[in-house]
Amino acid sequence: MRISIRPPQNFNFKRTVLSHGWCALMPFEFDQQTWTLDRVLETNSSVPVTVRIRNKKRAIEIEPDRTVGARVTAAIERDVRHMLRLDDDLASFYDAMSAEPEFSWIPQQGAGRLLRSPTVFEDLVKMMCTTNCSWALTETMTKNLVKNLGRAARDGRKAFPTPAAMAGVSEKFYRDEVRSGYRAPYLKELADRVASGSLEVETWLASELPTTELKKQMKEVKGIGDYAAENLLRLVGRYDGLALDSWTRGKFAAVRNRGRAASDKKIGRYYSRFSSWRGLAFWCDLTRDWLEESCGAE
DNA sequence: GCGTCCAGGTCTACC
DNA sequence: GGTAGACCTGGACGC
């Protein structure tokens, strides 16, 4: 069985999948040799479905691990559209980038769609696991969450755990099994609040709050500070913040400041001309070298 | 082998 | 509102 989705014009599958580190975090599994992205999806079915996502000429091709009915097919399509940001309107971003010679590669290559998880909850948990640690530890914590608490698809691979599954284990479990250290109480509290319905993080996707207010709401989650909130804002489609961290500060120094450290204010000033798109312009600028220049829109 | 440092930060207490 | 210190983990590095 194969499901085909027509992407928007100049959609770039490679730039989207490799837009940041998410494709390396379970239950995403990415093979750069074959450019296939595997992912286990909950899809509200009795058993989760593993899908293989590929880029074909003028289409995104999705191959589920089994034949599924219309309801699950619709859920898979919805999740893939969401993850690959196929419905994001980047027209005004591309207009702004086209006006700047050093940024015109972005619309030319169709960059700017940042891979995200099927749910805000998953992105929020993962973001918490990126703070104050090496990338290797982020991968370990995510893997432990999925392997211990995720539901298995027929091929044995696991989905990302639901809020209820995460709420069902103790703080000790997060320390001992997930290896999340001091983040354990934060993860437990977040899962409890989302599972009980007292915190509705999925509403952030369509929130009408001004960005500053939405950021404030995100920071009310323990373990989420400026860096994590601004990264989450990008994943819900708001690009005002730069989400500065040690990696981006170092990369800005290398790419835009002759190898010398720059203050956060200086970094902010550099991208301020891009107004509400500055966070996306910043991220694309710093990750331009992640793919070859020949990797144009496809 | 052992000790130290620090990585895609955040929280809290204190001033 | 600004800042210092504490916080888990695990890999890298120097000795």
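Below, chains carry the letters A, B, ... as their sequence lines are ordered, and counting in each starts from 1.
- Side-chain atoms of A/C133 lie closest to B/dA7 of the nucleotides C/dG10, B/dA7, B/dG9.
- Backbone-only contact: A/T131 has heavy atoms under 4.0 Å from sugar-phosphate atoms and none from a base.
- A 4.5 Å side-chain heavy-atom check between A/V40 and A/K158 finds every atom pair outside the cut-off.
- The aromatic ring of A/W135 sits over the base of B/dG8, with ring centres less than 5.5 Å apart and planes tilted by under 30°.
- Contact annotation: A/K222 side-chain N/O to B/dT12 OP1/OP2 distance is under 4.0 Å.
- A/M128 places its CE atom 12 Å from the C1' atom of B/dC11, with the value rounded to the nearest Å.
- The distance between atom CD of A/E189 and atom C1' of B/dT10, rounded to the nearest whole Å, is 14 Å.
- Summarising the geometry, the separation between CG on A/L25 and P on B/dG8 is reported as 13 Å, rounded to the nearest angstrom.
- Heavy atoms of A/A228 sit under 4.0 angstrom from primed sugar atoms or phosphate atoms, though from no base atom.
- Along DNA chain B, the nucleotide nearest A/V221 and the nucleotide nearest A/T248 are compared for position; the residue whose nucleotide lies closer to the 5' end is A/T248.
- Rounded to an integer number of Å, the gap from OH of A/Y186 to P of C/dA6 is 15 Å.
- Ring geometry for A/W277 versus A/F93: interplanar angle of 30 to 60°, hence tilted.
- The CH2 atom of A/W247 sits 14 Å away from the C1' atom of B/dA7 (whole-angstrom rounding).
- Using the six-membered ring where Trp is involved, A/F103 and A/Y270 have ring planes that are tilted, between 30° and 60° apart.
- A close approach under 4.0 Å does not occur between any side-chain nitrogen or oxygen of A/R183 and OP1 or OP2 of C/dC7.
- The same atom, C1', is picked in B/dC6 and in C/dC8; the two are 13 Å apart, to the nearest Å.
- Separation of the P atoms belonging to C/dA6 and B/dG8 is 23 Å when rounded to the nearest angstrom.
- The strand DNA chain B forms stems, runs of 3 or more Watson-Crick or G-U wobble pairs with distances below 3.5 Å, at B:1-7 with C:9-15, B:9-15 with C:1-7.
- Residue-to-nucleotide contacts include a donor-acceptor pair under 3.5 Å from the side chain of A/Y182 to the base of B/dG9.
- Contacts of A/L244 with the nucleic acid, taken as non-hydrogen atoms under 4.0 Å apart, are absent.
- Note: A/F274 and A/Y271 have tilted aromatic rings, judged against thresholds of 30 and 60 degrees for the angle between ring planes.
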(message) Please evaluate residues A/R234 and A/D123 with respect to the criterion salt bridge (Lys or Arg N to Asp or Glu O under 4.0 Å), reporting the C-alpha separation (whole Å), side-chain torsions for both, the decisive distance (0.1 Å), and the verdict.
(response) CA-CA 11 Å; A/R234 284 183 191 159; A/D123 282 334; over 6 Å; no

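- In this entry the distance linking CG of A/N132 with P of B/dC5 reads 16 Å, nearest Å.
- Using a distance-only test at 3.5 Å, with no hydrogens or angles considered, a donor-acceptor pair links the side chain of A/S45 to the main chain of A/V47.
- We find that NZ of A/K251 is positioned 16 Å from P of B/dA7, with the value rounded to whole Å.
- A salt bridge between A/E77 and A/R81 is absent, with no side-chain N of the basic residue lying under 4.0 Å from a carboxylate O of the acidic one.
- Within the cation-pi definition used here (under 6.0 Å to the ring centroid, within 45° of the axis), A/R39 qualifies as a partner of A/F28.
- In this model, a side-chain donor or acceptor of A/Y227 finds a partner on the base of B/dG8 within 3.5 Å.
- For the pair A/S246 and B/dG9, the criterion of a side-chain N or O lying under 4.0 Å from OP1 or OP2 is met.
- The CD-C1' distance, from A/E139 to C/dG11, rounds to 13 Å in whole Å.
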